[in-house]
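Below is one structure, written out as structure tokens; the observations come after it.
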Amino acid sequence: RPNDTIYLKGYQGNVYQDSAWGNTDAYFTKACEERNLDEQEVAKTLLQNLYWHKQNVNTLLSGLPINDKGISFTLEYEVAASNKAYLPHGTDYTSLDKEVTLRGDGIVQKAIYDRKISGIFLPKTWVPRMMTSPEWGKYSWYDDVARTNNLFVPEELKVFFDTLGVRTNVAYQSDRLETAQYVKKYLESKMVYSLDLDELPADVDPIIYALTEGGEGYCMHFASAGTLILRYLGIPARYVSGYVVHNSAIEAQGTQYVA
């Protein structure tokens, strides 16, 4: 049974323009072409290893061998027509054959419009197979590419964050996760979660309105504001939407666990 919260990612945005998130794969495609690398294979390797390697290299569930296969999962979709895969963070993409396709360096889509996908994932407290030094060197260019293309903040929002005094109110830490926690607390001090929002005034950015006059927002507003504040502070970030499965929602049913 997973002891951690499970995150199911559906959409990823890396460009904020005209008060909405979009996604471009052009920079990643170009970077792979310049190095004569297969884009799909690079994306698969990065998604499966790079994030977990960098963030959790010292984290290991007691007694678990590093080469353990992980936890088998099956996702059932109520809407089969959607192409969003919503795979758990830490999915072993070698366990999936033709069920999914990768777009750019972060979007995973269903290749087959089916109601079920089965695979294997490694919870974040587990250590997956680590890349060896030669493998790491092969993909070391990615950090610079990702940083360069995930820092843009529209000028209007830069001025707005200056006016709010974000740099003064958010304690920047050398550890990115700690800084993100400060950003979370800051946003919680500026607006409350609500699904019943006033109508957005014309020609006003929803983030600016939520953090000032509105004082309210839901997941989209918190995630958008958090992503752009992190970028404003010099930390590469992307907007992501999806679902969260809390440990308390996981119940035993025979030999399986269901949420």
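Residue numbers run from 1 in the order of the sequence given. Values reported hereafter were calculated over all heavy atoms of this structure, with side chains retained and with hydrogens, waters and symmetry mates removed.
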Exercise for the section: Under the side chain to side chain contact (heavy atoms under 4.5 Å, CB included) rule, what do L87 and F73 come out as? Steps first, then yes or no, please. Expected result: CA-CA 10 Å; L87 297 181; F73 69 86; 4.1 Å; yes
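- When the side chains of ILVMFWY residues are joined at heavy-atom separations under 4.5 Å, either directly or via intervening members, V245 and V108 end up in a single hydrophobic cluster.
- Cluster membership for V153 and L187, using ILVMFWY side-chain heavy atoms within less than 4.5 angstrom, is shared.
- A donor-acceptor contact shorter than 3.5 Å is absent between the side chain of R231 and the backbone of R238.
- Listed here is the closest heavy atom pair of P206 and L200: CA-CD1, 3.9 Å.
- The heavy-atom pair separating T212 from I208 by the smallest distance is OG1-O, 2.5 Å.
- Nearest approach of A237 to L230, heavy atoms of both residues: CB-CB, 4.0 Å.
- Under the 4.5 Å side-chain heavy-atom criterion for ILVMFWY residues, a single connected hydrophobic cluster contains both Y243 and V100.
- Classified by interplanar angle (parallel below 30°, tilted 30° to 60°, perpendicular above 60°), the ring pair Y239/W21 is parallel.
- Counting heavy atoms from C-beta outward, P236 and R176 have side chains that approach closer than 4.5 Å.
- Panel note: side chain T91, backbone P88; a donor-acceptor pair is recorded below 3.5 Å.
- Summarising the geometry, atom CD1 belonging to I250 is positioned 4.0 Å from atom CD1 belonging to I6; distances are rounded to the nearest 0.5 Å.
- Here the side chains of D205 and Y16 are in contact, with some heavy-atom distance below 4.5 Å.
- Ring orientation note: the planes of Y139 and W141 are tilted relative to one another, at an angle of 30° to 60°.
- Annotation: cation-pi pair R103/F28 absent, no NZ/CZ under 6.0 Å from the ring centroid and within 45° of its normal.
- We find the OG-CG distance between S19 and L157 to be 7.5 Å, quoted to the nearest 0.5 Å.
- Y186 has its side chain within reach of I229: a pair of non-hydrogen atoms, C-beta onward, lies under 4.5 Å apart.
- Distance OG1/T74 to NZ/K116: 7.0 Å, rounded to 0.5 Å.
- The CE atom of M191 lies 13.0 Å from the OH atom of Y209; values are rounded to the nearest 0.5 Å.
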Exercise for the section: Report the C-alpha distance between Y193 and L195 in whole Å, list the side-chain angles of each, state the deciding distance to 0.1 Å, and finish with yes or no for side chain to side chain contact (heavy atoms under 4.5 Å, CB included). Expected result: CA-CA 7 Å; Y193 185 90; L195 294 174; 3.6 Å; yes
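- In this structure, the side chain of Q40 engages the main chain of L102 through a donor-acceptor pair within 3.5 Å.
- N169 places a side-chain N or O within 3.5 Å of a backbone atom of L164 that can act as its donor or acceptor partner.
- In terms of heavy-atom proximity, L197 sits nearest to G217 at CD2-N, 3.9 Å.
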Handout entry: Trace of the side chain to side chain contact (heavy atoms under 4.5 Å, CB included) decision for V192 with E216
Key = CA-CA 5 Å; V192 296; E216 296 178 326; 3.7 Å; yes
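- Between the CG atom in D162 and the OG1 atom in T168 there is a gap of 9.5 Å [rounded to 0.5 Å].
- For D105 and Y27, the side-chain atoms include at least one donor-acceptor pair closer than 3.5 Å.
- Of the possible donor and acceptor atoms, none in the side chain of S224 sits under 3.5 Å from a partner among the backbone N and O of H221.
- For N23 (side chain) and Q12 (main-chain N/O), a donor-acceptor pair under 3.5 Å exists by modelled atom type.
- A distance-only check finds no donor-acceptor pair linking the side chain of K84 to the backbone of G242 [under 3.5 Å].
- For the pair N14 (side chain) and T24 (backbone), a donor-acceptor distance under 3.5 Å is present.
- Linking ILVMFWY residues whenever their side-chain heavy atoms come closer than 4.5 Å, directly or via other members, leaves I207 and V15 in distinct clusters.
- Within the 4.5 Å cutoff, the side chain of K184 has no heavy atoms near those of the F222 side chain.
- L228 and P154 get closest at one heavy-atom pair: CD2-CD, 4.4 Å.
- In terms of heavy-atom proximity, T101 sits nearest to A111 at CG2-CB, 3.7 Å.
- The shortest side-chain heavy-atom distance between R167 and Y232 falls under the 4.5 Å cut-off.
- Transitive grouping of hydrophobic side chains (ILVMFWY, heavy atoms separated by less than 4.5 Å) brings V183 and Y218 into a common cluster.
- Distance CZ/F160 to CD/E155: 14.5 Å, rounded to 0.5 Å.
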